[in-house]
**Q** 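Here it is, the structure, as structure tokens.
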There are 2 protein chains.
Amino acid sequence: MKKVYLNIIPKLGVLQDFDIAEASNLFFLKILKKDQCIVRPGTNSQYIYFLLSGLVYSHTIEEKINWYEFEGQSFADIESVFFNKQCDQYIRCAEDSSVVSISKDNLLYLVKTNHKWAVWYALFLEEIIQRMYYYYKNLLVKDASQRYSELIELHPEIIQRIPLGHIASYLGISQVSLSRIRAGRQTKKS
Amino acid sequence: MKKVYLNIIPKLGVLQDFDIAEASNLFFLKILKKDQCIVRPGTNSQYIYFLLSGLVYSHTIEEKINWYEFEGQSFADIESVFFNKQCDQYIRCAEDSSVVSISKDNLLYLVKTNHKWAVWYALFLEEIIQRMYYYYKNLLVKDASQRYSELIELHPEIIQRIPLGHIASYLGISQVSLSRIRAGRQTKKS
DNA sequence: TGACGTTTTTAACATATGTAAAAGGAAATC
DNA sequence: GATTTCCTTTTACATATGTTAAAAACGTCA
């Protein structure tokens with residue numbers, strides 16, 4: 001039994017170690033190098049991933065960065081998993097990383113055959129909703145300079161890990177604007 | 001038995017009429033007048049609503065409009081229901097409306113005691129994720145003029161139902177900018 | 001019809017932000 | 001040590017968008 005699975009799958013007050021151990025043949029570990037792609041545009045990626053270590057990000061074909069996910073978080077290509085469409089983004093490692101994955105089919109098998117896993121999945125989806133809502137509201141009510149402040153407050157080390165051009169892209173502004181924000185000559189919204 | 005419940009609660013390929021009928025004592029119908037509040041800032045609204053008829057919208061204390069929901073859709077105060085926080089928005093009727101509601105507690109009771117309802121809730125949450133992702137991606141990749149075009153394409157009658165000032169607020173732009181978009185003298189992003 | 005209030009558009013101006021290009025700085029390579 | 005390359009900041013300029021105010025359009029009601 002691979003203990004690594006026990007720690008990265010959130011129990012959410014529902015599962016116990018042996019529930020995960022019992023299902024461990026449905027989970028797979030992958031070791032990934034920096035810049036390696038986990039998901040490519042035009043494919044359909046029916047997997048949910050749990051990030052054991054490293055840093056992954058999503059970006060469009062035009063190199064616009066959509067999100068970053070840090071160690072301990074889960075991620076997936078939403079359009080594939082929840083819309084069953086071909087995805088239109090890359091999911092890529094910003095650093096050497098390791099992930100545990102489970103296919104949507106296998107997860108739904110657990111959900112449909114096991115009440116515990118059904119409750120777990122519902123609570124897991126609630127967490128996804130929380131994260132997505134947080135991102136959504138960030139976009140809706142905060143300007144780029146607020147979002148930059150909060151990013152470096154939450155992940156101060158990101159400056160060392162990611163070039164500012166990528167952070168600007170993530171924030172949805174030009175690198176010039178980010179420089180102005182960092183230099184403090186930027187009018188703030190609120 | 002109130003048949004109205006049977007039609008507004010989505011079955012999602014899991015429930016049958018009698019499942020909903022069996023739980024119908026947990027659902028409540030409300031008739032609401034135009035401008036009436038369903039949710040107020042500073043309260044905690046632990047209800048999920050299904051909009052039978054009418055039109056509801058969310059707006060902040062500063063009158064910024066966050067979203068509209070049309071007949072047949074469900075809605076809730078996300079911060080209350082999924083974060084258990086006090087909400088910071090109004091949810092208000094743009095027209096005379098009627099809704100069916102269920103409390104989060106009662107819903108979780110169904111989920112925890114009935115496998116069918118657990119699967120149903122998971123699929124329902126997947127639908128919420130789809131809708132939220134759609135809103136999120138709209139904000140992320142589309143400019144106001146695109147979002148305006150798609151809004152009137154999807155709901156052409158909205159122009160008759162809602163003043164343009166509210167639509168501008170919903171789009172996150174000034175009414176002056178919306179006038180410029182409508183007059184066609186507006187540079188588009190793509 | 002005329003007067004009034006509301007909604008929408010237009011005009012004038014200030015400013016924030018993007019683009020393009022140059023300059024500065026840091027790290028790696030020869 | 002010098003050169004190269006990459007990353008970041010700065011400058012100059014063009015433009016989209018907000019604010020404010022005025023004008024126009026529209027509906028209601030006497």
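Each chain gets a letter, A, B and so on, in the order the sequences are listed, and its residues count up from 1.
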**Q** Return the nearest nucleotide to the side chain of A:Gln175; candidates are D:dT10, C:dG18, D:dT9.
**A**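 When the side chain of A:Gln175 is considered, D:dT9 is the closest of D:dT10, C:dG18, D:dT9.
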**Q** Using a 4.0 Å heavy-atom cut-off across all strands, classify B:Leu178 as base, sugar-phosphate, or nothing.
**A**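 Nothing: the residue B:Leu178, judged by heavy atoms under 4.0 Å, touches no strand.
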**Q** Looking at A:Asp17 and A:Lys11, does any basic side-chain N land under 4.0 Å from a carboxylate oxygen?
**A**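 Looking at A:Lys11 together with A:Asp17, the answer is yes, because their closest N to O distance falls below 4.0 Å.
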**Q** Do the ring centers of B:Phe75 and B:Tyr49 come within less than 6.0 Å of each other?
**A**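 For B:Phe75 and B:Tyr49, the ring centres are under 6.0 Å apart.
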**Q** Could you state the CD1-P distance from B:Ile167 to C:dT9, rounded to the nearest angstrom?
**A**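 The distance from CD1 of B:Ile167 to P of C:dT9 comes to 10 Å, rounded to the nearest Å.
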**Q** Provide, to the nearest angstrom, the distance between the CD1 atom belonging to A:Ile173 and the P atom belonging to C:dG18.
**A**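 In whole Å, C:dG18 P lies 6 Å from A:Ile173 CD1.
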**Q** Which heavy-atom pair separates B:Lys85 from B:Asn44 by the least distance, and what is that distance?
**A**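 Heavy-atom minimum between the residues: O-ND2, 2.8 Å.
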**Q** Just by modelled atom types, is the B:Ile173 backbone N or O under 3.5 Å from a matching donor or acceptor in the B:Ser177 side chain?
**A**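 Not at all, since once roles are kept as given, no pair shorter than 3.5 Å links the two residues.
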**Q** Among D:dT8, C:dT8, C:dT10, which is the nearest nucleotide to the side chain of B:Val176?
**A**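 Comparing D:dT8, C:dT8, C:dT10 against the side chain of B:Val176, the answer is C:dT10.
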**Q** Among residues 153-161 of chain A, which residues get a heavy atom nearer than 4.0 Å to DNA chain C?
**A**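 Nucleic-acid contacts, sorted: none.
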**Q** Round to the nearest Å and state the distance from A:Leu171 atom CG to C:dA16 atom P.
**A**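 Interatomic distance, CG of A:Leu171 to P of C:dA16: 18 Å.
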**Q** For the side chain of A:Arg40 and the backbone of A:Tyr90, is there at least one donor-acceptor N/O pair under 3.5 Å apart?
**A**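 Here the side-chain-to-backbone pair does not exist.
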**Q** Between B:Tyr68 and B:Tyr170, what is the ring plane arrangement, given parallel below 30°, perpendicular above 60°, and tilted in between?
**A**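 Judged by the thresholds at 30° and 60°, the geometry between B:Tyr68 and B:Tyr170 is perpendicular.
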**Q** Between atom CD1 in B:Ile181 and atom C1' in C:dT10, what is the gap in whole Å?
**A**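 Atom CD1 in B:Ile181 sits about 15 Å away from atom C1' in C:dT10.
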**Q** Closest to the A:Leu164 side chain: C:dT8, D:dT8, D:dG18?
**A**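 Of the candidates, D:dT8 comes closest.
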**Q** What is the distance, to the nearest angstrom, from the CD1 atom on B:Ile162 to the P atom on C:dT7?
**A**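 After rounding, the gap between these two atoms is 13 Å.
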**Q** Measure from the side-chain heavy atoms of A:Arg180 and tell me the nearest of D:dA12, C:dT9, D:dG18.
**A**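 That would be D:dA12.
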**Q** Do B:Trp120 and B:Phe124 have their ring centres less than 6.0 Å from each other?
**A**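 Ring centres of B:Phe124 and B:Trp120 closer than 6.0 Å.
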**Q** Any idea which of D:dT10, D:dT8, C:dT8 is nearest the A:Pro163 side chain?
**A**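 Out of D:dT10, D:dT8, C:dT8, the nucleotide with an atom closest to A:Pro163's side chain is D:dT8.
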